[in-house]
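Okay, structure first, notes after.
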Amino acid sequence: MSFSEQIVPSSTSAEQLPLWKQEGAEPFLRIENITKNFGEFKAVDNISLDIYKKELFCLLGGSGSGKSTLLRMLAGFETPTSGRILIDGVDMAGIQPWERPVNMMFQSYALFPHLSVADNVAFGLKREGVAKAEIKKRVEEMLGMVQLGHLGKRKPHQLSGGQRQRVALARALIKRPKLLLLDEPLGALDKKLREETQFELINIQEELGVTFVVVTHDQEEAMTLATRIGVMNQGIIVQTDEPHDVYEYPNSKFVADFIGSVNMFEGKVIQDEPDSVQIDSKEAGTTLFVNHGISCAPDQIVNVAIRPEKIRITKKEPEEGVNCIQGIIEEIAYMGSLSVFRVRLASGKEVRVTQPNFTRSMGDRFTWNDAVFLHWDEDSSVVLTS
Ligand code: ADP
Ligand code: MG
């Protein structure tokens with residue numbers, strides 16, 4: 001049993017669980033041992049993954065990790081070297097892109113510059129020979145949904161980046177695909193617009209009940225959008241979980257480091273009970289206590305991972321409790337809603353701590369070169385064995 005499953009209350013009935021937690025639920029998209037080689041190079045390396053109806057699944061990974069290649073195989077633009085892809089139970093081998101119940105929205109939206117917004121959206125339906133009146137109705141519906149109803153007559157160059165992105169989304173959705181694949185859909189937008197558009201994307205996806213697979217290299221975006229995240233590294237999915245679990249219970253140093261920021265203390269396991277571990281860490285300068293079990297060899301070298309926001313920083317020594325270390329503040333950055341501290345330990349290790357700024361004056365409590373205590377609860381950290 002994984003950690004995340006343990007925190008689901010036992011009274012929760014199967015119906016209330018999301019599909020991916022229901023035993024025996026049929027996936028909408030099944031990826032079975034998919035590999036893609038380019039010559040000697042394995043771009044996608046034996047990936048198996050089930051995605052369920054109405055999910056907004058994010059493939060998250062650094063550049064070159066194989067995200068686009070996997071997406072292109074789902075769309076049918078790339079043929080797997082080995083493995084199978086099933087959509088709604090149907091094997092996609094030999095099925096052409098346009099015959100699949102799938103649409104793909106590319107990173108470069110590739111709108112037709114000479115066509116109006118409405119005609120761009122209508123394009124796919126026209127090519128299919130759908131009746132004029134029907135096209136008109138569906139285009140209006142779709143433009144309304146992406147909040148562009150008033151801009152149907154404009155040309156793409158008369159739109160902002162965010163508006164163009166929404167035209168592309170409308171164009172991809174108008175043919176009512178069962179599965180929409182989006183490759184870095186918000187990549188061209190600046191941060192603020194990106195955040196607004198993320199919520200729109202979620203609303204539209206929920207309204208239409210379409211299954212989305214979204215590729216992104218932006219971990220905050222994945223955390224905001226996803227029902228589940230698949231973290232990719234070098235052609236492999238290294239962890240698949242709900243955003244909260246990927247963040248709170250990363251399964252490896254790679255994931256802990258890739259998602260958000262984290263402090264890691266290397267150490268040796270000195271006590272390993274079913275529900276608690278003690279780690280002797282020279283880097284931390286003390287024994288660290290974590291209240292979940294691990295399975296590892298005695299004396300194994302592991303890392304204790306603790307998020308910066310889970311560390312308390314005080315000038316006074318806390319009266320009781322474990323996981324308390326001492327250091328000197330080397331740097332303070334005031335970031336508006338929070339303050340970031342860099343604290344140097346006697347071991348030389350640097351620890352990052354963030355504190356929310358509740359009041360205006362709070363930032364004044366600490367200053368450079370202050371000697372401080374850093375402490376955290378036993379359930380705030382996780383042990384990483386790989
Ligand atoms: P991502 O989308 O995660 O950035 P890609 O799936 O585009 O990564 O690429 C994964 C790796 O496969 C990269 O190293 C890339 O150079 C390589 N690759 C992708 N497409 C081809 C191709 N057609 N021929 C050779 N190598 C490719
Ligand atoms: Mg890519």
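Ligands are counted one by one from 1 in listed order, and the atoms in each one are counted from 1 as well.
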Under a 3.5 Å threshold, I'd like every N/O contact between ligand 1 and protein atoms, with atom names and distance.
residue	atom	partner	partner atom	Å
ligand 1	2 (O)	Ser68	N	2.9
ligand 1	2 (O)	Ser68	OG	2.8
ligand 1	3 (O)	Ser65	N	3.1
ligand 1	3 (O)	Ser65	OG	3.4
ligand 1	3 (O)	Gly66	N	3.0
ligand 1	3 (O)	Lys67	N	2.9
ligand 1	3 (O)	Lys67	NZ	2.8
ligand 1	4 (O)	Gly64	N	2.7
ligand 1	6 (O)	Ser68	N	3.4
ligand 1	6 (O)	Thr69	N	2.9
ligand 1	6 (O)	Thr69	OG1	2.5
ligand 1	8 (O)	Gly66	N	3.3

| request: Taking ring pair (Phe, Tyr, Trp, His ring centres under 6.0 Å) as the test, write out the residues that go with Tyr247, two or more places apart. | output: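 Counting only residues at least two positions away or on another chain, Tyr247 forms no ring pair (Phe, Tyr, Trp, His ring centres under 6.0 Å).
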| Any chance the side chains of Asn233 and Ser65 put a donor and an acceptor closer than 3.5 Å? |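 No donor-acceptor contact under 3.5 Å links the two side chains.
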| request: Using the side-chain contact (heavy atoms from CB on, under 4.5 Å) rule, take Phe28 and Ile51 through it: C-alpha gap first, then chi angles, then the decisive distance, then the call. | output: CA-CA 6 Å; Phe28 180 64; Ile51 294 176; 6.0 Å; no
| task | Identify, with sequence neighbours excluded, every residue that meets side chain to side chain donor-acceptor pair (under 3.5 Å) alongside Glu273. | result |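 Expected list: Gln271.
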| query | Is there an N/O/S atom in Ser68 at a distance below 2.8 Å from the Mg ion (ligand 2)? | reply |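 So Ser68 does bind the Mg ion (ligand 2) by this criterion.
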| task | If you link ILVMFWY side chains whenever their heavy atoms are less than 4.5 Å apart, which other residues fall into the same cluster as Trp20? By chain and number, please. | result |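 Besides Trp20, the cluster holds Leu19, Tyr52.
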| query | Distance from Glu78 atom CD to Phe38 atom CZ, nearest 0.5 Å? | reply |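 Those atoms lie 4.0 Å apart.
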